[in-house]
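Remember, it's 1-based here, ligands and their atoms both numbered in the order they're listed. Only a predicted model underlies this, so the values are computations on that prediction, with no experimental measurement involved. Below, all heavy atoms of this structure are taken into account, side chains as well, without hydrogens, waters or symmetry copies.
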Amino acid sequence: MTLRSTVILGTGSYAPERVVTNEELSRTVETSDEWIRTRSGIRERRIAGPNENTSDMGAAAARRALDAAGVSPSEIDLLVVATFTPDMPMPAAACLMQRKLGLPSATACFDLNAACSGFIYALDTACAMLTSGRYHKALVVGVERLSSVVDWNDRTTCVLFGDGAGAIVVGLSEQPGVGLLGTKLGAMGESADLLCIPGGGSAAPATPDSITAGGHFMKMKGKEVFKLAVRVMDEAARDILEQHHLRADQISLVIPHQANLRIIEAISQYLELPMDRFFVNVDRYGNTSAASIPIALDEARRSGRIQAGDLTLLVAFGAGLTYGSALIRW
Ligand code: UT7
């Protein structure tokens with residue numbers, strides 16, 4: 001008996017309670033609700049409480065995914081957490097989540113950093129480990145506490161990001177042709193400087209001067225990133241469709257990374273697929289990086305926008321610059 005298909009058994013998500021509206025931000029930086037809405041589609045974002053860490057949000061989303069799957073923590077033997085905002089540089093947020101979730105000590109736990117494409121990278125990694133036959137049930141989590149790496153005085157970035165978490169439980173199935181059908185991952189390291197946190201790593205450890213200069217905050221060349229995002233997400237979507245001999249109109253729902261409504265609209269035009277085939281929640285959460293796709297996936301599942309037999313396309317782009325697409329048959 002070969003168990004080659006990897007299927008999503010349940011989804012869950014978590015967003016902090018505190019809602020920060022555009023209007024609220026316009027009281028602290030020179031911006032306006034109108035500018036943020038028209039340039040990005042964002043109306044509000046969630047911001048974690050002072051004692052609410054990445055591992056707390058990730059564990060909350062994971063509990064909901066376990067509940068939805070009807071899987072107990074004791075059955076999990078693999079936890080992959082996509083994040084670039086772990087609670088601390090070491091140990092991995094995955095290990096802190098393992099403790100909070102009560103996962104067995106025989107669970108392989110690690111973080112993976114592919115920024116906004118992180119969830120698709122983590123999904124691919126977990127599914128490859130499951131199909132190796134050496135693991136049986138995985139939790140895959142995308143979680144970010146971006147409010148801790150955003151410069152709240154920089155209007156070009158602070159209006160765009162939010163906090164949150166999404167999770168899925170993945171298992172093996174004997175049924176062929178379901179679950180994760182394929183992925184396409186890649187990166188363009190030559191453009192790494194367009195979106196980065198230059199300080200606080202081993203190349204530029206934090207010093208009083210570097211902290212005063214704000215080296216530990218996220219820096220982004222928004223316009224350049226925008227143009228690349230549209231081109232590369234369109235290509236990543238086309239590549240995977242071609243690989244599987246599919247047309248765009250055979251996809252029931254595209255779940256794109258939620259960075260900017262205008263990016264999603266441009267991809268909809270390029271793929272000639274109407275916007276009602278795209279899941280959008282960037283208006284309510286802003287850009288939550290690795291958490292954006294699993295939060296959207298969970299909302300799409302729970303609201304009935306994904307049904308058995310449907311084909312879903314995930315597509316993302318982020319710092320690195322990384323990109324990824326994935327095809328799922330439900
Ligand atoms: O998740 C990873 C990937 N990240 C992304 O995909 C983000 C990609 N980039 C974007 O979404 C867009 O480039 C932004 C939303 C960041 C910016 O939109 P834009 O249309 O590219 O605007 P811009 O950067 O060209 O800025 C236009 C003007 C500038 O003023 P000048 O130079 O024309 O006088 C900015 O200084 O808007 C100004 N501006 C703002 N004004 C009010 C920039 N930020 C703000 C702001 N409020 N928050």
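- Screening Glu24, Glu30, Glu23 against Arg27 for a salt bridge (charged side-chain N to carboxylate O under 4.0 Å, His left out) leaves a single residue, Glu23.
- Set against the non-hydrogen atoms of Glu30, the atoms of ligand 1 under 4.0 Å away are 42 (C), 47 (N).
- Heavy-atom contacts from other residues, nucleotides or ligands closer than 6.0 Å to CZ of Arg99 number 12 or fewer.
- Per-atom contact check: atom 32 (O) of ligand 1 does not touch the protein, criterion being a heavy-atom distance below 4.0 Å.
- The pair Asp77-Lys137 does not meet the salt-bridge criterion, since no charged nitrogen lies less than 4.0 angstrom from a carboxylate oxygen.
- Atom 1 (O) of ligand 1 is flagged as protein-proximal [any protein heavy atom, distance under 4.0 Å].
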Give every donor-acceptor pair under 3.5 Å between a side-chain atom in residues 217-230 and any protein atom, sequence neighbours left out.
{"residue": "Lys219", "atom": "NZ", "partner": "Gly214", "partner atom": "O", "Å": "2.7"}

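- Closest of all the heavy-atom pairs between Ser74 and Pro104 is O-CG, 3.5 Å.
- Contacts between Thr157 and ligand 1, counted as non-hydrogen atom pairs separated by less than 4.0 Å, are absent for every part of the residue.
- Shortest contact from atom 47 (N) of ligand 1 to any protein heavy atom: Thr31 OG1, 2.7 Å.
- Within the set Phe226, Trp35, Phe161, the minimum heavy-atom distance to atom 42 (C) of ligand 1 is found for Trp35.
- Nearest non-hydrogen protein atom to atom 20 (O) of ligand 1 is Arg39 NH2, 2.7 Å.
- At least one heavy atom of Leu160 sits less than 4.0 Å from an atom of ligand 1.
- Annotation: side chain to side chain donor-acceptor pair (under 3.5 Å) contacts involving residues 110-126, sequence neighbours excluded, comprise Ser117-Thr322, Asp124-Thr183.
- Of all atoms in ligand 1, listed by their number and element, those nearer than 4.0 Å to a heavy atom of Val159 are 48 (N).
- Of the protein's non-hydrogen atoms, the one nearest atom 48 (N) of ligand 1 is Arg155 O, 2.9 Å.
- Atom CD of Glu242 has 12 or fewer neighbouring heavy atoms from other residues, nucleotides or ligands inside a 6.0 Å radius.
- From the protein, the heavy atom lying nearest to atom 11 (O) of ligand 1 is Asn260 ND2, 2.7 Å.
- Closest to atom 9 (N) of ligand 1 among all protein heavy atoms lies Gly222 O, 3.0 Å.
- Which parts of ligand 1 touch Ala259 is read off a 4.0 Å heavy-atom cut-off, strictly below it: atoms 1 (O), 5 (C), 6 (O).
- At a heavy-atom cutoff of 4.0 Å, ligand 1 is contacted by the side chain of His257 but not by its backbone.
- Residue contact check: Met220 has heavy atoms under 4.0 Å from atoms 4 (N), 7 (C) of ligand 1.
- Shortest contact from atom 5 (C) of ligand 1 to any protein heavy atom: Val225 CG1, 3.7 Å.
- Taken from OG1 in Thr54 to CG in Asp163, the straight-line distance is 7.5 Å, to the nearest 0.5 Å.
- With atom 18 (O) of ligand 1 as the reference point, the heavy atom nearest to it among Lys227, Lys223, Arg262, Glu224 is part of Arg262.
- Annotation for ligand 1: atoms under 4.0 Å from non-hydrogen atoms of Asn287 are 1 (O), 2 (C).
- Looking at Arg46 and Glu52, no side-chain N of the basic residue comes within less than 4.0 Å of a carboxylate O on the acidic one, giving no salt bridge.
- Summarising the local packing, CD of Glu190 is surrounded by more than 12 heavy atoms from other residues, nucleotides or ligands at distances under 6.0 Å.
- Those atoms of ligand 1 with a heavy atom of Leu195 less than 4.0 angstrom away are 2 (C).
- Counting only heavy atoms of the protein, atom 6 (O) of ligand 1 lies nearest to Ile263 CD1, 3.3 Å.
- More than 12 heavy atoms of other residues, nucleotides or ligands sit less than 6.0 Å from atom CZ of Arg238.
- Rounding to the nearest 0.5 Å gives a distance of 4.0 Å between CD1 of Ile328 and CD1 of Ile8.
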